[in-house]
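Let me begin by presenting the structure, written as structure tokens, before commenting on it.
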Protein chains: 2
Amino acid sequence: MGTPLSRDPIAEARRNWEDHGWADVAAPMAAITAIMRTQQILLARIESTLKPFGLTFARYELLALLSFARKGSLPMNKASALLQVHPTSITNAVDRLERAGLVDRSPHPTDGRTTLIELTTAGRTLAKSSTAALNAEVFSAPGFDPGDVDHLIRILGSFRRNAGDFEE
Amino acid sequence: MGTPLSRDPIAEARRNWEDHGWADVAAPMAAITAIMRTQQILLARIESTLKPFGLTFARYELLALLSFARKGSLPMNKASALLQVHPTSITNAVDRLERAGLVDRSPHPTDGRTTLIELTTAGRTLAKSSTAALNAEVFSAPGFDPGDVDHLIRILGSFRRNAGDFEE
DNA sequence: TGAATATACTAGGACATCCAATGGTTGGGC
DNA sequence: GCCCAACCATTGGATGTCCTAGTATATTCA
């Protein structure tokens, strides 16, 4: 987004917090802000890799989820729960994927309320190739030390469990 | 967003990656996905805390940045660089903050291209009270172990430096 | 000095997310 | 057997982010 700054803006914010009498919460504030910024950087990389495939991250996630579904199809509310996004976001993503010929909607055989989504052949092919691209361009060189990757998975896993994402 | 899942969806995705021959990138994939989800959870908490103040996180960040500016004013391009967002996002945020009477725009005294933004009295008051709310409701109980907070700051700081956010 | 280049902000469009409200569909309790 | 609460998907509205273009101002250099 521009040239590197001479100093870390988050470290600067942390100093500001400490100087204003909020030293007790300065470190968590810095950690949370750093997560926000890291997500932004990673998302930009992912979107840039997916762009040639005509996909956004939201649509890719749905495509990938469907490609792993045993039956090849998934109810929309199930997708919403697994991807942890609002149902309307799924509706939006399916609208666009369907218009692009990558998924199909079909009524649930026994429950008239739910809609099933299923990959088309083109969708399955694109899921494969875009995943290969993400693996090669993003996940294989994420910018973390290998040891830090395990730390992150543990720390964030614990956080998500405490936040009520899952039990276990 | 719903009831807790019985299993961690990210751990599940990691297993899927390993089962499909991508074991070498499964762990970074899981870490990156966890960062995405963690950011989503934290952002929701922050937005919920800021809602009573009529602020969003984007507008709050700008307000907080201005409240720490020595001169009390900041060029828009400077704000864009420090918050690491696109210049048009700053324009958008300033539009709304200005309409709410929280900031003012004024022309730069010597450079006719740049616009300065400055807190109004109401803006300064709101910056204080909303920061107090965030400190009390989010940063004081972030959901991380104290030791993990330092780990995160170090790991993510290193990542951001490698990504070109800042030098040093 | 005058033209080419660089910088700063804004306007309009595409996309994603959430919330609130709507219209069907199910299924349990009486 | 019926009714109402719960559930599912969609629509419309608000916000935010980025991108591309366009306009205006500065700076550089021939």
Would you classify [X] as touching base, sugar-phosphate or nothing, given that sugar-phosphate means primed atoms plus P, OP1 and OP2, and contacts are heavy atoms under 4.0 Å?
X	result
B/Thr91	base
A/Thr56	sugar-phosphate
B/Asn77	sugar-phosphate
A/Thr88	base

- Among A/Ile46, A/Val149, A/Thr38, find the one that has a side-chain contact (heavy atoms from CB on, under 4.5 Å) with B/Ile32. A/Ile46
- Counting only side-chain N and O atoms of A/Arg105, is one of them less than 4.0 Å from OP1 or OP2 of D/dT10? yes
- Task: Answer yes or no: does a side-chain N or O of B/His108 lie under 4.0 Å from OP1 or OP2 of C/dA8?
- Result: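 So the side chain of B/His108 is outside the cut-off, no N or O lying under 4.0 Å from OP1 or OP2 of C/dA8.
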- Task: Specify whether B/Phe68 and A/Trp22 have parallel, tilted or perpendicular ring planes, treating 30° as the upper limit for parallel and 60° as the lower limit for perpendicular.
- Result: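 The rings of B/Phe68 and A/Trp22 stand perpendicular, inter-plane angle above 60°.
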- Salt-bridge test for A/Asp8 and A/Arg14: reply yes if a basic N is under 4.0 Å from a carboxylate O, no otherwise.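 No, no charged N to carboxylate O under 4.0 Å.
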- Message: Can you pull out the residues from residues 41-49 of chain A that lie within a 4.0 Å heavy-atom distance of DNA chain C?
- Response: none
- Encode nucleotides 1-6 of chain D as B, S and - characters from 5' to 3', where the letter depends on protein heavy atoms closer than 4.0 Å: B to the base, S only to sugar-phosphate, - to neither. ------
Using whole Å, what does the distance between atom [atom2] of nucleotide [N] and atom [atom1] of [X] come to?
X	N	atom1	atom2	result
B/Leu62	D/dT15	CG	C1'	15 Å
A/Arg96	C/dA16	CZ	P	5 Å
A/Arg59	C/dC15	CZ	P	6 Å

- On DNA chain D, more 5' by nearest nucleotide between A/Asp111 and A/Asp95 is A/Asp111
- side chain to side chain donor-acceptor pair (under 3.5 Å): pairs with one or both residues in residues 131-144 of chain B, sequence neighbours excluded: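 Every side chain to side chain donor-acceptor pair (under 3.5 Å) pair that includes a residue of residues 131-144 of chain B, provided the two are not neighbours, is A/Trp17-B/Asn135, B/Thr49-B/Glu137, B/Tyr60-B/Thr131.
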